[in-house]
Amino acid sequence: MPELPEVETTLNGLKPYIEQQVIANVIVRHLNLRWPIPADLKKHIINQKIIGAERRGKYILLKTKVGTIIIHLGMSGSLRILTSGVPPKKHDHVDLEFSNNKVLRLTDPRRFGAFLWTSDDPLNHPLLKNLGPEPLNRVFTGKYLWERAQGRKVAIKSFIMDSKIVVGVGNIYATEALFNAGIHPALAAGKLSQTQYETLVHAIKAILRFAIKQGGTTLKDFLQSDGKPGYFKLHLKAYGRNGLPCLNCKKTLKEIKLGQRSSVYCPICQK
DNA sequence: ATGCGGACCTGTTAGC
DNA sequence: TGCTAACAGGTCCGCA
């Protein structure tokens, strides 16, 4: 479900309810997410105050003074704020109950997500240590991408979805950014010009900013933490539109597989 | 180092 | 209508 805009939207919705609040109880109903939820999680976090809630890539970091909860939503995860007492459903795996009577609930049908703990700097955690720059940061430039791409043969779409290159760009926004930039998704990353990379980086930043403003993309069941869907779906130009006419040139959009992910593009507009 | 395919897991949809 | 296969917003891992 979540790419960067959805994670950002989720986090912004949670913050007011959990920051400066104390974790009064922890309920783990299903231990086996992508990695097991640490058996000693409760011991670490009970009675700790959340002193900050941040995002790094698609990871959500809930900081306490003794360590950090690291949450990833995988393909199907979501976090909701509830009032204490709402009965759990089948895929509600974790509850953090706060002293303000609010509950932070992790739901994740496919269980590709993660709910981890580290006592160290979370940015040194193995999962975060090798992440590339934030796409909305000023260090993410056309020049940066172009330099990283030299000699690389992977498809440009797979390249921008590689979290070691840049974080937060998943299948939806990679597809959309390449469409908007007029770049064919299967081109070898090393073949693009620096100018093309400038265009692409601009497109990535623009699409992510706009999607965040729209509250993310709701394809099926993504909801913001207030329960509202995201409205970016209304603006998708390529993703999910295989076989439909290109909104620029009217030719039929095509689909190919790149890195086992479906990739829709316009054979006329994207060269 | 890079590139590729498989793996993790459940739910929904497309196709017969 | 019912069964089966394919597919889905992510990304780590092992192998060539």
Side-chain angles (χ1 to χ4, degrees), chain A residues 1-11 29-37 55-60 70-79 89-94 106-116 125-132 135 147-177 185-191 204 207-208 211-212 214-224 229-236 238-243 255-264:
Chain A
M1 169 243 303
E3 299 187 33
L4 187 147
E6 291 73 42
V7 176
E8 180 79 11
T9 300
T10 295
L11 180 61
R29 300 188 188 84
H30 200 129
L31 202 84
N32 293 310
L33 303 186
R34 167 126 203 203
W35 295 277
I37 295 175
R55 180 185 62 72
R56 174 71 176 105
K58 296 173 190 166
Y59 292 91
I60 286 175
I70 300 173
I71 301 171
H72 196 288
L73 299 176
M75 288 274 257
S76 59
S78 61
L79 289 167
K89 301 215 186 100
K90 187 174 178 186
H91 301 297
D92 294 342
H93 307 313
V94 185
L106 174 73
T107 306
D108 186 2
R110 292 177 74 179
R111 289 190 272 122
F112 287 176
F115 203 103
L116 300 169
H125 189 279
L127 290 172
L128 309 203
K129 199 169 44 172
N130 297 313
L131 293 180
E147 282 173 357
R148 294 292 306 258
Q150 293 316 294
R152 296 292 304 268
K153 293 179 177 157
V154 277
I156 181 60
K157 173 157 174 283
S158 305
F159 183 66
I160 58 174
M161 289 176 68
D162 180 348
S163 65
K164 292 190 291 300
I165 301 300
V166 59
V167 297
V169 183
N171 205 31
I172 296 177
Y173 300 112
T175 298
E176 293 299 302
L187 281 184
K191 297 264 177 158
I204 291 171
I207 205 82
L208 293 176
I212 290 167
Q214 298 293 309
T217 300
T218 298
L219 291 183
K220 292 183 54 184
D221 52 9
F222 170 74
L223 296 177
Q224 305 182 53
Y231 297 101
F232 184 74
K233 183 181 183 194
L234 305 172
H235 303 276
L236 293 173
Y239 182 89
R241 299 194 69 247
N242 180 34
E255 178 171 318
I256 47 170
K257 286 272 182 206
L258 295 169
Q260 298 143 285
R261 310 303 297 278
S262 88
S263 310
V264 179

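All values derive from a computational prediction rather than experimental measurement.
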Is A:Ser158 touching bases, backbone alone, or none of the nucleic acid, heavy atoms closer than 4.0 Å?
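Nothing: the residue A:Ser158, judged by heavy atoms under 4.0 Å, touches no strand.
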
At under 4.0 Å between heavy atoms, what does A:Tyr59 touch on the DNA or RNA strands: base, sugar-phosphate, or nothing?
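Sugar-phosphate only.
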
State whether [X] places a side-chain N or O below 4.0 Å from either non-bridging phosphate oxygen (OP1 or OP2) of [N].
X	N	value
A:His91	B:dG11	yes
A:Ser262	C:dA8	yes
A:Lys90	B:dG11	yes
A:His72	C:dT11	yes
A:Lys153	B:dT2	no
A:Arg34	C:dT11	no
A:Arg261	C:dG9	yes

Could you work out the separation of B:dA14 and C:dG9 based on their P atoms and round it to a whole Å?
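Per the computed distance, 15 Å lies between those P atoms.
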
Given atom [atom1] of [X] and atom [atom2] of [N], what is their separation to the nearest angstrom?
X	N	atom1	atom2	value
A:Lys257	B:dC4	NZ	P	16 Å
A:His93	B:dC9	NE2	P	12 Å
A:Leu33	B:dA7	CG	C1'	16 Å
A:Lys164	C:dC13	NZ	C1'	11 Å
A:Trp35	C:dC13	CH2	P	6 Å
A:Asp108	C:dG9	CG	C1'	11 Å
A:Gln260	C:dG9	CD	C1'	16 Å
A:Leu4	C:dT11	CG	C1'	15 Å

Counting Watson-Crick and G-U wobble pairs whose two distances are both under 3.5 Å, find the runs of 3 or more in a row that involve DNA chain C.
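Stems found: B:2-8 with C:10-16, B:10-16 with C:2-8.
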
When you match A:Gly259 and A:Arg148 each to their closest nucleotide on DNA chain B, which lands nearer the 5' end?
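Closer to the 5' end of DNA chain B: A:Arg148.
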
So, do A:Phe112 and B:dC8 meet the stacking rule of ring centres under 5.5 Å and planes under 30°?
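By the stated criterion, A:Phe112 and B:dC8 stack.
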
Side chain A:Glu3 and base C:dG10 donor-acceptor under 3.5 Å
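Result: no qualifying N/O pair found.
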
Between B:dC9 and A:Arg110, counting only base atoms on the nucleotide and side-chain atoms on the residue, is there a donor-acceptor pair under 3.5 Å?
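Per atom types, the contact qualifies.
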
Close side-chain approach of [X] and [Y], heavy atoms under 4.5 Å:
X	Y	value
A:Asp108	A:Leu73	no
A:Phe159	A:Val169	no
A:Glu8	A:Leu208	no

Exercise: identify the closest heavy-atom pair between A:Ile256 and A:Ala186:
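Of all heavy-atom pairs spanning A:Ile256 and A:Ala186, the closest is CD1-CB, 4.0 Å.
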
Would you call A:Lys58-A:Glu3 a salt bridge at under 4.0 Å N-O?
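Between A:Glu3 and A:Lys58 there is no salt bridge, as every charged N stays at least 4.0 Å from the carboxylate O atoms.
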
Using a distance-only test with no angle check, is there a side-chain donor-acceptor pair under 3.5 angstrom linking A:Arg111 and A:His30?
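Side chains of A:Arg111 and A:His30: pair found under 3.5 Å.
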
Which atom pairs, one a donor and one an acceptor, fall under 3.5 Å between side chains of residues 148-156 of chain A and the rest of the protein, sequence neighbours left out?
{"residue": "A:Arg148", "atom": "NH1", "partner": "A:Tyr144", "partner atom": "OH", "Å": "3.1"}
{"residue": "A:Gln150", "atom": "NE2", "partner": "A:Trp146", "partner atom": "O", "Å": "2.8"}

A:Arg111, nearest nucleotide to its side chain (from C:dT11, B:dC9, B:dC4)
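Selected nucleotide: B:dC9.
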
Any sub-3.5 Å donor-acceptor pair from A:Thr175's side-chain atoms to A:Ala238's backbone N or O?
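Side chain of A:Thr175 to backbone of A:Ala238, a donor-acceptor pair under 3.5 Å: no, none is there.
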
